[in-house]
A.B. asks: 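Provided herewith is a single structure, encoded as structure tokens, for subsequent inquiry.
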Amino acid sequence: MENLQALKKRIVYFVGKLYENGKSLKPLSLGWKGAAIALGTLAFLLILIQGKYLLDQRSFFDFAIGMLVCILAVILLSGFITLLLHVFKKIPSRFIWVLLTSLIFLLLCFITFPFILLIAVVVSLWGALLYKWIKGSYKNATKIRKTSVLVILCMLTLGMGLGSYWLIQPGDVNTPKFILKQLKTSKHYDNTLLNNPAKLGSYPVKKLTYGSPNTYREEFNQKTSLTTKPVDASHFVEKWSSGRTKTLGFGPEAMPLNGHVWYPEGKGEFPLVMVVHGNHLMTDYSDTGYDYLGNLLASRGYIVVSVDENFLNSSPYNDLFLVSPLKNENTARGLLLLEHLQTWKEWNNHKDNLFYQKVDMKQIALIGHSRGGEAIAIAAAFNDMEHPPNNGNIQFDYNFSIRSLISIAGTDGQYLPSGKPLPLKNINYLALHGAHDMDVSSFDSSNQYNRITYTDKDDYMSASVYIYGANHGQFNEGWGRGDVAGTANQLFNLKQIMPRDQQETIAKVLISAFLDTTLKEKKRYKEVFKDLGYAKEWLPDTMYITNYSDSQTSYIATFNEDIDLNTTTIPGGRLFGKNLKEWKEEKVKMKFDEADYYAVRLGWVINNQSSPAFYTMTLPEKGLDIGQNTSIVFSLADARKEEEKKSQEELIDFTVTVEDSNGNQASLPLSYISKLTPAIKGKLLKSPFPDPGKTTEPVFQHYGFSLNDFKKVNPKFNPIKLDKVHFQFNLTKKGMVLMNNIGIRYDNI
């Protein structure tokens with residue numbers, strides 16, 4: 001009781017002090033008042049525009065309430081900070097209050113703090129001078145002072161006008177210096193035996209939806225819709241708010257299984273392909289954005305489902321403007337995919353169902369976009385487990401035949417079971433990523449690509465494709481050219497983004513070819529992923545970097561095994577370099593973090609042709625089975641620094657030489673396949689602003705040289721007795737590369 005009385009006295013005292021301070025506050029001078037009015041008005045208008053984006057698809061009442069709560073919360077927060085800063089009296093407290101409120105509003109709009117500070121300074125100074133001029137403060141000033149103020153006002157006004165024009169412009173065209181057809185000029189490309197996988201197939205396509213009863217969206221409860229049971233996924237999410245439940249009409253214990261289905265009209269069992277979107281606004285539904293894939297794949301003999309997981313997405317209205325967002329929901333995204341598969345298994349076995357014995361449950365693929373790209377990996381991992389890693393009291397019994405995963409601009413590392421990256425094994429994997437992705441701006445899924453291992457003898461493959469000019473959103477028909485929140489898109493160079501139809505074409509070609517390869521045994525499409533030159537007539541003219549791996553490859557050197565520069569991953573081999581400017585093994589550094597994988601860095605400068613730089617791998621005497629159809633494979637990334645502009649005008653080329661145990665050698669240039677694709681500069685912000693952090697990162701290009709091609713160069717060379725592989729840096733005067741995954745592949749196609 002005494003403590004309560006003491007607390008009441010403190011509150012009364014504090015309120016009294018506030019009242020005394022308020023009475024003693026002097027009126028703002030005209031300059032400060034003008035600055036406050038100008039800055040506050042601009043920030044208020046911008047937050048209303050941004051609020052329209054953040055509260056998209058809400059009713060006007062929800063919009064008004066949401067904006068009111070946001071604005072009041074920001075005003076109160078900034079007011080509290082202002083009170084704390086009240087001791088610093090050189091700047092009036094009321095302007096500090098307006099300044100802090102405006103900065104928070106601007107931060108919600110533009111994200112980039114240096115840009116926000118620039119706006120605050122310019123607009124405040126402009127408002128102060130203009131207001132004082134209007135109120136006549138300079139009426140009696142000297143002519144020089146009046147002129148100076150007028151000149152500054154004009155310059156500030158001109159600057160603000162130019163800045164506004166800069167903001168509304170989409171940016172500048174930024175085309176690649178080298179495109180696929182320029183890089184892939186070899187005569188050995190022949191895809192006459194392959195049809196364009198992006199062309200519609202022969203099956204008529206039908207559509208329907210399915211959903212759980214009383215779901216929050218009517219399209220999943222039509223008369224023709226199939227019915228599903230909701231799922232209790234409450235153990236797989238954190239901080240599900242009561243507001244989210246009120247908006248959706250259900251809680252985490254009753255998540256619906258909703259989906260759009262495209263299916264071929266005809267007899268037979270068809271492989272099942274499930275697509276899941278990523279994080280977006282909860283009420284701006286993302287599941288309808290894959291119609292272009294659904295129609296294509298269904299016409300080519302697949303049953304395609306686009307899954308609704310929008311209720312797991314961000315909701316500024318329900319999450320206190322992201323102050324208290326839903327947490328760790330990616331596991332729920334993965335779990336729900338398995339529950340959808342469980343439903344399809346039941347339908348396939350039920351005689352009264354439309355899909356009775358029409359689904360090939362032995363051939364399943366999952367496609368995930370953004371967070372969905374990580375969700376499909378989680379689903380694949382959970383599929384083989386008896387319990388989730390964080391809760392042994394939950395029983396799993398899925399064990400579906402998930403053959404293939406396709407990650408589109410996927411995240412990685414948001415889910416770390418037991419603090420470890422998610423491992424996958426014995427599965428086909430494709431990663432697609434845009435070099436101008438403004439959301440997942442680093443090639444995150446390359447980590448998952450490099451974590452996949454093969455432990456059995458089945459035919460598996462992994463591939464990655466990095467695409468110049470592709471962004472994050474245009475893989476989904478509903479997302480658009482801008483990848484970030486509302487007005488912040490105006491900071492980015494959107495004009496360099498390729499047209500939507502081209503980005504969709506890339507997705508259709510690569511996804512369809514990958515599924516045909518891994519689910520329909522059309523193995524000739526493998527060549528497309530080993531060397532994208534085979535698809536150059538189907539793909540838009542831009543720059544691509546592709547990597548490839550499969551279960552038929554034995555990697556002699558991955559550089560993950562130890563700290564010794566001379567040892568190989570398979571014991572018994574040896575690595576040796578000479579005349580190199582730089583030679584070291586390192587963890588690959590991406591734009592913002594270190595990757596999960598390693599490489600060797602090799603740099604050279606040709607000063608004397610008689611002693612060129614080289615790097616040699618001697619094969620182990622045991623552990624390798626080299627046959628007639630064997631290829632030498634390795635992956636390269638251009639590692640030249642961004643400032644070395646002149647040297648980057650020249651594409652890297654060098655000589656690959658093989659040597660048998662009798663000393664017979666044969667050589668081919670790297671350009672026999674193609675010169676090394678240069679590092680793609682993924683600059684995102686419009687000029688003249690620099691991007692925060694790096695604009696390039698190492699993305700690895702796969703090379704595979706058939707030993708039979710070397711034998712054509714020198715018939716004395718015996719591929720079966722391969723002993724050494726030499727990389728001779730004698731064709732490009734100066735260069736730097738990262739190299740990894742050196743091995744041999746038995747080509748069975």
Side-chain angles (χ1 to χ4, degrees), residues 25-54 67 70-79 81-82 85-86 88-138 141 145-169 171 321 484-492 685-690 692:
L25 284 175
K26 296 179 182 179
L28 283 176
S29 68
L30 294 178
W32 289 117
K33 191 172 183 180
I37 291 172
L39 181 58
T41 301
L42 175 66
F44 181 74
L45 291 174
L46 286 172
I47 197 62
L48 288 179
I49 295 170
Q50 185 72 347
K52 176 65 176 68
Y53 172 82
L54 293 174
M67 289 307 302
C70 174
I71 290 169
L72 288 176
V74 171
I75 289 173
L76 290 173
L77 174 63
S78 57
I81 297 172
T82 302
L85 299 175
H86 188 62
F88 301 103
K89 291 301 297 176
K90 290 189 177 182
I91 300 177
S93 297
R94 278 168 291 179
F95 177 75
I96 292 178
W97 193 355
V98 173
L99 175 65
L100 292 172
T101 301
S102 300
L103 287 176
I104 295 172
F105 285 167
L106 292 171
L107 190 62
L108 290 171
C109 291
F110 292 116
I111 303 169
T112 308
F113 200 70
F115 184 73
I116 292 166
L117 286 178
L118 179 63
I119 291 176
V121 171
V122 171
V123 173
S124 296
L125 182 57
W126 176 82
L129 293 176
L130 181 62
Y131 195 78
K132 289 179 72 175
W133 185 278
I134 292 171
K135 289 297 184 178
S137 291
Y138 300 107
R145 191 177 181 195
K146 281 183 180 179
T147 304
S148 300
V149 170
L150 194 59
V151 168
I152 293 171
L153 261 175
C154 290
M155 291 175 63
L156 290 172
T157 304
L158 179 62
M160 290 169 61
L162 291 173
S164 300
Y165 178 78
W166 178 86
L167 269 178
I168 63 176
Q169 290 301 301
F321 274 81
V484 294
T487 50
N489 284 309
Q490 300 306 123
L491 300 179
F492 292 88
L685 293 180
K686 287 189 286 191
S687 297
F689 288 96

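We number each residue from 1, following the sequence as shown.
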A.B. asks: Is any side-chain heavy atom of Ser102 closer than 4.5 Å to a side-chain heavy atom of Ile116?
C.D. replies: no
A.B. asks: Give me the atom names and distance for the closest heavy-atom approach of Ile168 to Gln490.
C.D. replies: CA-NE2, 3.6 Å
A.B. asks: For residues Ala120 and Leu103, report the shortest heavy-atom separation together with the two atoms involved.
C.D. replies: CB-CD2, 3.9 Å
A.B. asks: How far apart are the closest heavy atoms of Leu167 and Leu491, and which atoms are they?
C.D. replies: CD2-CD2, 4.0 Å
A.B. asks: Measuring from atom OG1 of Thr157 to atom CG of Leu162, what distance do you get when rounded to the nearest 0.5 angstrom?
C.D. replies: 11.0 Å
A.B. asks: So does Lys135 have more than 12 non-hydrogen atoms from other groups sitting under 6.0 Å from NZ?
C.D. replies: no
A.B. asks: Is there a side-chain contact between Trp166 and Pro688, using heavy atoms and a 4.5 Å cut-off?
C.D. replies: yes
A.B. asks: Passes side-chain contact (heavy atoms from CB on, under 4.5 Å), Val151 versus Thr147? Steps please.
C.D. replies: CA-CA 6 Å; Val151 168; Thr147 304; 4.2 Å; yes
A.B. asks: CG/Leu107 to CG/Leu100 distance, rounded to the nearest 0.5 angstrom?
C.D. replies: 12.0 Å
A.B. asks: In Å, rounded to the nearest 0.5 Å, how long is the span from CD1 of Ile134 to CG of Leu30?
C.D. replies: 10.5 Å
A.B. asks: Between Phe95 and Ala35, what is the shortest heavy-atom contact and its length?
C.D. replies: CE1-CB, 3.6 Å
A.B. asks: Hey, does Ile119 have a side-chain heavy atom less than 4.5 Å from the side chain of Leu42?
C.D. replies: yes
A.B. asks: Any side-chain heavy-atom pair from Ile71 and Phe105 closer than 4.5 angstrom?
C.D. replies: yes
A.B. asks: Mind listing the closest non-hydrogen atom pair of Leu685 and Pro692 along with its distance?
C.D. replies: CD1-CD, 4.0 Å
A.B. asks: Once the angle between the rings of Phe115 and Phe689 is folded into 0 to 90°, is it parallel (under 30°), tilted (30 to 60°) or perpendicular (over 60°)?
C.D. replies: perpendicular
A.B. asks: Take Leu106 and Ile47 through the side-chain contact (heavy atoms from CB on, under 4.5 Å) test and state the conclusion after the steps.
C.D. replies: CA-CA 7 Å; Leu106 292 171; Ile47 197 62; over 6 Å; no
A.B. asks: So how far is it from Tyr138 OH to Leu150 CG, rounded to the nearest 0.5 Å?
C.D. replies: 11.0 Å
A.B. asks: Would the distance check show the side chain of Trp126 and the main-chain N or O of Met155 forming a donor-acceptor pair, the cut-off being under 3.5 Å?
C.D. replies: no
A.B. asks: Less than 4.5 Å apart, side chain to side chain, heavy atoms only: is that true for Leu125 and Leu129?
C.D. replies: yes
A.B. asks: Report the distance from atom CG of Leu153 to atom OG of Ser148, rounding to the nearest 0.5 Å.
C.D. replies: 11.5 Å
A.B. asks: Considering all heavy atoms of both residues, which atom of Ala485 and which atom of Gln50 are nearest to each other, and what is their separation?
C.D. replies: O-NE2, 3.0 Å
A.B. asks: Atom CG in Leu45, atom OG1 in Thr41: separation rounded to 0.5 Å?
C.D. replies: 6.5 Å
A.B. asks: Under 3.5 Å, side chain of Lys686 to main-chain N/O of Gln169, donor-acceptor pair present?
C.D. replies: yes
